[in-house]
Amino acid sequence: MSGTELQYVKEAFDSNWLSSVGPNLDAFEAAMSARLAGRHALAVSSGTAALHLILRYLGVGAGDRVAVSTLTFAGSVFPILYQGAIPVFLDSETESGNLDPALVEEYLAAAQRRGRLPRALIAVHLYGQHCDIDSIAQICRNYGVALVEDAAESLGATYRGRQTATTADFAALSFNGNKIITTTGGGMVIARDENAIATMKKWANQAREPAIEYRHSEVGYNYRMSNVLAGIGRGQLEVLDDRVAARRRVAMQYADALEGTGLRLQNEAAWGTHSRWLTVMYLDPAETRVKPLDLVQSLAAYDIEARPVWRPMHQQELFKDAESIGGAVADELFATGICLPSSSSLTDADLDRVISAVRETLARSPVEAPL
Ligand SMILES: *Cc1c(COP(=O)(O)O)cnc(C)c1O
């Protein structure tokens with residue numbers, strides 16, 4: 001927390017606006033809208049809820065296909081199942097680890113020939129780095145497929161000078177506790193169309209019709225964010241740029257200090273600015289025999305928490321029978337990638353401790369010298 005959050009929370013307490021309407025919600029949505037090129041914003045209870053509302057708004061229903069990156073967190077995919085639709089997993093490119101535009105083109109061309117175009121495509125911006133969204137948006141337009149940005153991990157990142165979540169007609173943000181800014185838990189729908197936001201707002205509010213007595217003509221959800229949590233979000237949004245700068249600094253410190261160890265920082269693609277929400281590094285099998293899980297376990301013994309890269313969706317038990325287009329690139333990123341401690345609150349001493357522990361672990365297991 002930055003400190004100002006408590007002031008906004010106190011205002012909510014003092015004014016007794018504690019529930020699903022109030023000044024913090026209005027101000028948080030307005031501030032996000034100002035940040036994101038005037039797009040309309042709806043604060044909700046989670047990023048997953050935001051994606052669910054968007055898919056429903058797009059008319060995704062039972063039996064429809066929705067294409068999505070295989071290399072992502074399950075929160076990108078579960079809303080497809082909530083709508084009774086069928087996920088189709090697409091592989092990554094190596095530049096950013098995100099959706100591969102060439103593969104999207106190939107898949108949509110084949111899907112069109114078979115008369116099985118997906119109803120929508122969810123493009124995820126993983127770990128704070130944008131996918132090549134202009135290329136993907138053009139392909140989606142050519143095939144008439146709705147595009148959704150899963151920007152849960154990319155707030156603060158840019159693409160060709162534009163903010164994340166401003167290219168597609170719809171995007172979802174997350175303010176879960178581990179994200180670059182947090183409301184402890186929460187999310188947001190971002191949309192170009194104000195009427196779409198109004199419809200989703202109604203659904204998120206138990207689909208209450210505008211009548212004094214309780215009238216419902218369709219199914220709704222309790223997906224609202226509280227005015228108390230929106231106060232936290234207001235304060236957090238004020239320091240977003242500081243957080244991005246701090247996280248980028250953390251990533252560069254790791255990259256510099258670990259050069260030559262066989263651990264290499266994830267690329268920053270030429271098309272944008274990486275927020276470095278998480279510092280992702282890749283173990284080069286030519287330089288070390290250490291695998292991501294070895295390193296995670298070794299660091300745990302130093303009381304340092306690290307994580308492997310997301311296990312691709314096509315490798316999940318839940319999706320063992322799902323359609324998957326490619327997957328070898330995501331498999332490779334999963335087999336070699338690790339997320340190091342990345343918090344903006346890490347001190348130089350903290351970073352030194354992590355760096356020493358990583359160095360010691362890698363030094364214990366050198367790869368044999370080549371013949
Ligand atoms: C966190 C996350 C979500 C879900 O957001 P919640 O607020 O946790 O529901 C969706 N997609 C991605 C890529 C995420 O990282």
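Counting starts at 1 for both ligands and their atoms, in listed order. The figures that follow rest on heavy atoms only: side chains count, while hydrogens, waters and symmetry mates do not.
- Interatomic distance, CG of L117 versus CD of Q112, reported as 5.0 Å (0.5 Å rounding).
- Listed here is the closest heavy atom pair of I304 and V354: CD1-CA, 3.8 Å.
- Of the possible donor and acceptor atoms, none in the side chain of D150 sits under 3.5 Å from a partner among the backbone N and O of I122.
- Checked against ring pair (Phe, Tyr, Trp, His ring centres under 6.0 Å), Y254 has no partners two or more places apart in sequence or in another chain.
- Proximity of a side-chain donor or acceptor of W271 to a complementary backbone N or O of H130 within less than 3.5 Å is detected.
- Using a heavy-atom distance under 4.0 Å as the criterion, the protein contacts of ligand 1 are S46, G47, T48, T72, F73, G75, S76, V124, D150, A152, E153, S174, N176, K179, G186.
- Results of the side-chain contact (heavy atoms from CB on, under 4.5 Å) test with L237 over E5, M32, R243 single out M32 as the only residue that passes.
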